[in-house]
Amino acid sequence: MRAISQNAPGGPDVLELVETDRPEPGPTEILVRVHAAGVNPVDWKSRDRGVLVSGATTPFTLGWDVAGVVEAVGVGVTLFAPGDEVYGMPRFPHAAGAYADYVTAPSRHFAHQPAGLGHVRSAALPLAALTAWQALVDTAGIRPGQRVLVHAAAGGVGHLAVQIAKARGAYVIGTAREPKHAFLRDLGADELVDYTRQDFAEVVHDVDVVLDTIGGDYAARSLRTLRPGGTLVMIAPPEDTFPAETARAAGVRATFVLVEPDRTGLREIAALVENGHLRVEVDAVFPLEDAAKAHELGERGRTTGKIVLTVAD
């Protein structure tokens, strides 16, 4: 089978198309013929630094977002049968190898694709949508009427978080450049801040939940927007200088979330898509052999929504 492999950390040029053996599913695993694979910031960060893929050894294949068709099932699998269209984020943060013709993983790391969505858009969902779901719903427990601030609201995680928060009845504030405001209003955002023109910490107040998708000093600055009893959820590890004592003194909860495989979350996300409450924006699509170009585009940091690789015809 074909796969995108790298032998050492580095820039996009370390990614190369190779031929390798097709995996076989073990007990409780399924073999998925990959039709499309999502591209995420963790992909190019792992490629560049070579340290974010837990337990990976070189050469290794990147990628976690998978959409495709079940080719075979291992012993004990009861949820799927060959021919089922599935999507998922298998094995994260361990290596899954989604940039390839086939992947194997535990069956419960997958769910049936949202009806009618197709492989490309299904592949754009798992990691970003699960991150938003686990941060906002499982961790922050957002409720109707709460005020939620989403940073980088037009990004891969951000634009899905806006919609998930709206579907839960929240009032949503987003930070994004002004040219992306119309897109975000169409998704349901109630209030928008152009971070290049205004300091969000000066104009946003009395927030119940902040989703920090950026890192750096955004977490510390976000504390000023929260009301007592509020929650700051970070999806990038906080800096050593993060003022944890300030958060505690203000009666604010600050926590870091690392997304994990979640069949229940995938099914909830599929239901939102099928009910018309969630749509995924795909900024660009590249064939598998152009994975390096997909990384180059992603690293510029100006995409709206997601980047996807097409694998099968």
Side-chain angles (χ1 to χ4, degrees), residues 23 25-40 42-43 63-139 156-157 159-161 163-165 167-168 235 257-282 305-306 308-312:
T28 76
E29 292 185 341
I30 59 176
L31 173 69
V32 177
R33 174 69 166 105
V34 181
H35 283 245
V39 178
N40 296 285
V42 69
D43 298 10
W64 287 275
D65 277 340
V66 173
V69 177
V70 176
E71 185 88 359
V73 301
V75 174
V77 173
T78 61
L79 298 175
F80 303 109
D84 286 348
E85 294 186 341
V86 297
Y87 80 131
M89 185 197 68
R91 303 189 188 277
F92 190 86
H94 301 278
Y99 294 6
D101 284 327
Y102 294 91
V103 298
T104 58
S107 66
R108 293 178 185 272
H109 289 188
F110 294 89
H112 290 97
Q113 289 182 24
L117 190 63
H119 295 300
V120 169
R121 293 192 181 278
S122 293
L125 275 172
L127 193 148
L130 283 176
T131 298
W133 181 269
Q134 291 173 11
L136 294 177
V137 179
D138 294 343
T139 301
V157 173
H159 85 289
L160 298 170
Q163 297 172 80
I164 289 171
R168 307 287 289 192
I235 65 171
V257 170
L258 181 64
V259 67
E260 58 185 307
D262 181 0
R263 172 173 165 77
T264 299
L266 288 171
R267 295 176 71 183
E268 294 281 1
I269 289 160
L272 287 177
V273 172
E274 291 167 354
N275 292 333
H277 296 303
L278 184 69
R279 78 174 197 253
V280 59
E281 182 75 7
V282 175
K306 295 294 299 294
V308 176
L309 300 174
T310 54
V311 183

Intermediate values then yes/no, side-chain contact (heavy atoms from CB on, under 4.5 Å), F80 and H112: CA-CA 9 Å; F80 303 109; H112 290 97; 3.7 Å; yes
Chi angles and distances behind the side-chain contact (heavy atoms from CB on, under 4.5 Å) call for H119, T310: CA-CA 9 Å; H119 295 300; T310 54; over 6 Å; no
Residues W133, L278; criterion side-chain contact (heavy atoms from CB on, under 4.5 Å); working and verdict: CA-CA 12 Å; W133 181 269; L278 184 69; over 6 Å; no
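Counting heavy atoms from C-beta on, the side chains of D138 and V257 never come closer than 4.5 Å. In this structure the side chain of V39 reaches within 4.5 angstrom of the side chain of Y99, judged on heavy atoms. Side-chain atoms of R121 and V273, non-hydrogen and from C-beta on, never get closer than 4.5 Å to each other. Using a 4.5 Å cut-off on side-chain heavy atoms (C-beta onward), L79 and D84 make no contact. Side-chain contact between P126 and V66 is absent, with no heavy atoms from C-beta onward closer than 4.5 Å. For the pair V103 and P23, the minimum side-chain heavy-atom distance is 4.5 Å or more. Within the 4.5 Å cutoff, no side-chain heavy atoms of L130 are placed close to those of W64.
Of the possible donor and acceptor atoms, none in the side chain of E29 sits under 3.5 Å from a partner among the backbone N and O of A105. A donor-acceptor contact shorter than 3.5 Å is absent between the side chain of Y87 and the backbone of P114. Within the 3.5 Å criterion, the main-chain N or O of R279 finds a donor-acceptor partner in the side chain of Q163. In this structure, R168 contributes its side chain and V137 its backbone to no donor-acceptor pair below 3.5 Å.
Q113 and S122 make their closest contact through OE1-OG, 3.3 Å (heavy atoms, listed as atom of the first residue, atom of the second, distance). Summarising the geometry of H109 relative to P90, their closest heavy-atom pair is ND1-CA, 3.7 Å, with the distance given to 0.1 Å. Listed here is the closest heavy atom pair of L136 and A161: CD1-O, 3.6 Å. Closest heavy-atom contact between A128 and G156: CB-O, 3.6 Å. Of all the heavy atoms in A167 and L272, the pair that sits closest is CB-CD2, 4.0 Å. Pairing each heavy atom of A81 with each of V70, the nearest pair is O-CB, 3.5 Å.
Atom CG of L266 and atom CE of M89 lie 7.5 Å apart (nearest 0.5 Å). Here T104 contributes atom OG1 and E71 contributes atom CD; the two are 12.5 Å apart, rounded to the nearest 0.5 Å. Here T28 contributes atom OG1 and R108 contributes atom CZ; the two are 9.0 Å apart, rounded to the nearest 0.5 Å. The distance from the CD1 atom of I269 to the CG atom of D262 is 7.5 Å, given to the nearest 0.5 Å.
More than 12 heavy atoms of other residues, nucleotides or ligands sit less than 6.0 Å from atom CZ of R91.
Every residue two or more places apart in sequence or in another chain was checked for a ring pair (Phe, Tyr, Trp, His ring centres under 6.0 Å) with F110, and none qualifies.
No option in L127, D65, N40 other than L127 meets the side chain to side chain contact (heavy atoms under 4.5 Å, CB included) test with F92.
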Would you list the atom pairs, donor with acceptor, under 3.5 Å between side chains in residues 31-38 and any protein atom, with sequence neighbours excluded?
{"unit_1": "R33", "atom_1": "NH1", "unit_2": "D101", "atom_2": "O", "d": "3.3"}
{"unit_1": "R33", "atom_1": "NH1", "unit_2": "D101", "atom_2": "OD1", "d": "3.4"}

